[in-house]
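Start at 1 and go down the list; that is how both ligands and their atoms are numbered.
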Amino acid sequence: TDQVSTLLMFGATGDLARRMLWPSLYGLHHDKLLDATLRLVGTARSELDTAAFRDQVVDALKEHLPAEFYDEATARAFVQRIDYLAMDATDPAAADKLGALARDYPGKIAVFLSTAPSLFKQTIERLVAAGLSGEGVRLALEKPLGTSLASSNEINDAVAAAFPESHIFRIDHYLGKETVQNLLALRFANAIFEPLWNARTIDHVQITIAETIGLEGRADYYDGTGALRDMVQNHMLQLLALVAMEPPASFNADAVRNEKVKILQSLRPIAQDRVESDLVIGQYVEGEIGGQRAASYVSELGGPSMTETFIAMKVNIDNWRWAGVPFYLRTGKRLSSRRTEIVIQFKKVPHSMFEAGGAHATSNRLIISIQPEEDITLELMAKVPGLDFGGMRLREVELGIGRADAFADVRRRIAYERLLLDLIDGNSLLFVRRDEVEAQWRWIDALRVSLAASGIRPQPYAAGSWGPPAAKALVGRHGVDWND
Ligand code: BG6
């Protein structure tokens, strides 16, 4: 492989780094997936020396890794790879520090930006000034990549001026999740699903990302963002693209991303006159989750707000395969439980000779659950044993590919382990290409124009519920129930 010899982490003391990035690198180190010579350099504004920073990393590992996986000696050995460089990207002197770093750590380098996006442009200027750009450098960018097509283009243009597209690694951490990748295996390593995977057999698709957490101290970011741009623009549209895309001809970065981008470009814009019927936004009020009181969004925030913490919508893909098949998407904070799943609802049998019994009688569902458990379940109709008089009673039974059981011996990884390793190795298959981001934003921008013009407001929903009642009505109008 084409491994880099140094990984430079901007935002090294930040929340994402502490919760995800250092624990992921520890996991890779633990499993001997990092070259012994790979150096990790953390940089942030805090004036720390390397020893103090290493202690901070050890603390973060202790706090965020599962206790059974954390090992003090391994952690201490791991942090020996890490150096720290205090730096303020807004200060031109940062370029000199980076120049010195480039001399001290010769060889290929990967730079990971997990700072505020407002710092991206300046940081890139400093990197360029220090000679850390072009072919010898890979650049990874953490979200959010702008708040609109225009602002994301500004970032993308700044990056493109310094790096070729093949060296730019835009992160959507959902692509690092195991079941998301397993979706590719399910669809393209099995012959039985693909012939059914279209408008002839599939009634609709549901994609849910439900969270129980609320603001989590991210008020500044979240209140200016909302569920549409925080979750739909990136994670949900990526999941949708993977479910809906045509089979790629090969398992390489461009082949797969070519197919995804076609879906993103085929999303039907939601016009203003469709907003009322096809979209619901909500904001949580006080409620109870798992026996615990949860405050309202407004009181967590400390002031009034029109930001949506929930969104449900009906989306169509205008191509041959999916003509007439609705994709129902919903995501929200402070919902009833943490659950990420994709439900493929197949059509009913054309004619049933059995009495219908139960909601999904004589139709099948494939449930791909991503969180909290990784599972794939196919619901089939079966006869209930017994000697029923005059008819036959049916009930759905589950054919499960319980990943938890089938692969019990395999450690569950953090999504960022996959992504960091791919960055180090230079494999961009699971990163988002520029034309994908653009298609995502183009569709979201148009939707936001429709939303603003329609004047709809977030409807209240109790924390611990499944969102405003209108979200149920949205699918109910089409004879559909969410898989709550
Ligand atoms: C992030 C969002 O991108 O994804 C957060 O900014 C959200 O608001 C998170 O909580 C969800 O990720 P996961 O992996 O916990 O489902």
Side-chain angles (χ1 to χ4, degrees), residues 11 14-21 23-24 27 64-66 112-118 140-147 152 155 169-183 207-242 281-284 289 294 297 300-301 305 307-311 329-342 368-375 412-420 430-432 436-437 440-441 444 458 463 467:
D15 188 54
L16 183 76
R18 293 177 52 82
R19 280 188 305 117
M20 299 284 171
L21 305 178
S24 294
H64 296 290
L65 283 167
F112 192 118
L113 301 191
S114 84
T115 55
S118 56
L141 300 166
E142 186 46 64
K143 67 167 274 208
L145 277 184
T147 54
S152 97
I155 297 172
F169 291 68
R170 295 181 194 81
I171 293 192
D172 183 315
H173 80 280
Y174 266 62
L175 297 178
K177 291 185 192 273
E178 194 68 26
T179 339
V180 172
Q181 295 158 55
N182 195 31
L183 185 58
I207 303 179
T208 294
I209 305 182
E211 298 186 282
T212 53
I213 55 171
L215 260 183
E216 302 282 294
R218 293 159 84 219
D220 282 348
Y221 158 75
Y222 192 86
D223 197 55
T225 306
L228 179 66
R229 288 185 287 180
D230 184 45
M231 298 297 282
V232 180
Q233 183 271 337
N234 39 36
H235 311 320
M236 294 204 97
L237 291 185
Q238 283 292 324
L239 292 181
L240 178 139
L242 290 168
I281 51 179
Q283 191 188 79
Y284 59 85
I289 305 180
Y297 179 74
E300 269 191 70
L301 189 68
S305 164
T307 300
E308 83 285 359
T309 61
F310 174 94
I311 186 163
L329 315 184
R330 64 172 174 170
T331 182
K333 301 261 182 216
R334 289 278 191 244
L335 294 180
S336 167
S337 59
R338 171 166 162 81
R339 188 196 296 176
T340 301
E341 69 178 12
I342 300 166
I368 301 160
S369 104
I370 297 165
Q371 284 164 172
E373 294 304 326
E374 304 184 336
D375 262 313
R412 301 276 196 71
R413 292 181 181 279
I414 307 170
Y416 281 97
E417 292 184 56
R418 168 86 273 153
L419 298 176
L420 282 162
L430 297 175
F431 295 84
V432 185
E436 294 179 78
V437 183
Q440 290 171 182
W441 275 122
I444 294 285

Check your understanding: Touching ligand 1 at all, E216? Heavy atoms, strictly under 4.0 Å?
Key -> no

Check your understanding: Are side-chain N/O atoms of Y221 and D230 paired as donor and acceptor at under 3.5 Å?
Key -> yes

Revision key, fill the gap. Closest to atom 12 (O) of ligand 1 among protein heavy atoms sits H173 NE2, 3.1 Å

**Study point:** Nitrogen or oxygen of R338 less than 3.5 angstrom from that of ligand 1
**Key:** yes

**Study point:** Identity and distance of the protein heavy atom lying nearest atom 14 (O) of ligand 1
**Key:** K177 NZ, 2.5 Å

Practice item. Ignoring hydrogens and angles, tell me if any N or O in the side chain of Q283 forms a donor-acceptor pair with the backbone of T307 under 3.5 Å. Key: yes

Point to revise | atom 3 (O) of ligand 1 - nearest protein heavy atom and its distance | key: H235 NE2, 2.7 Å

Practice item. Could you go through the side chain to side chain donor-acceptor pair (under 3.5 Å) check for S369 and E341 one step at a time? Key: CA-CA 4 Å; S369 104; E341 69 178 12; 5.7 Å; no

Review point. What is the closest protein heavy atom to atom 9 (C) of ligand 1, and at what distance does it sit?
Key: E211 OE2, 3.9 Å

Practice item. Determine the interplanar angle of the Y416 and H173 rings, folded into 0 to 90°, and report it as parallel if under 30°, tilted if 30 to 60°, perpendicular if over 60°. Key: parallel

Check your understanding: Where does the angle between the aromatic ring planes of F169 and F431 fall among parallel (under 30°), tilted (30 to 60°) and perpendicular (over 60°)?
Key -> perpendicular

Point to revise | Test salt bridge (Lys or Arg N to Asp or Glu O under 4.0 Å) applied to K333 and E300, step by step | key: CA-CA 12 Å; K333 301 261 182 216; E300 269 191 70; over 6 Å; no

**Study point:** R218-ligand 1 polar pair, N/O distance under 3.5 Å
**Key:** yes

Exercise for review: May I ask whether Y174 places a heavy atom under 4.0 Å from ligand 1?
Suggested key: yes

Check your understanding: Is the backbone of I414 close enough, under 3.5 Å, to the side chain of E417 for a donor and an acceptor to pair up by distance?
Key -> yes

Point to revise | Residue-ligand contact D230/ligand 1, heavy atom below 4.0 Å | key: yes

Study note, to complete from the structure: The answer for which part of I213 has a heavy atom under 4.0 Å from ligand 1 is side chain

Practice item. Carefully, step by step, assess R229 and E308 under the rule salt bridge (Lys or Arg N to Asp or Glu O under 4.0 Å). Key: CA-CA 10 Å; R229 288 185 287 180; E308 83 285 359; over 6 Å; no

Exercise for review: May I ask whether T225 places a heavy atom under 4.0 Å from ligand 1?
Suggested key: no

Check your understanding: Counting only N and O atoms by type, is there a donor-acceptor contact under 3.5 Å from the side chain of R330 to the main-chain atoms of I311?
Key -> no

Revision key, fill the gap. At under 4.0 Å between heavy atoms, what of E142 touches ligand 1? The answer is neither

Review point. Taking only heavy atoms of K333, which atoms of ligand 1 are found under 4.0 Å from at least one of them?
Key: 5 (C), 7 (C), 8 (O), 10 (O)

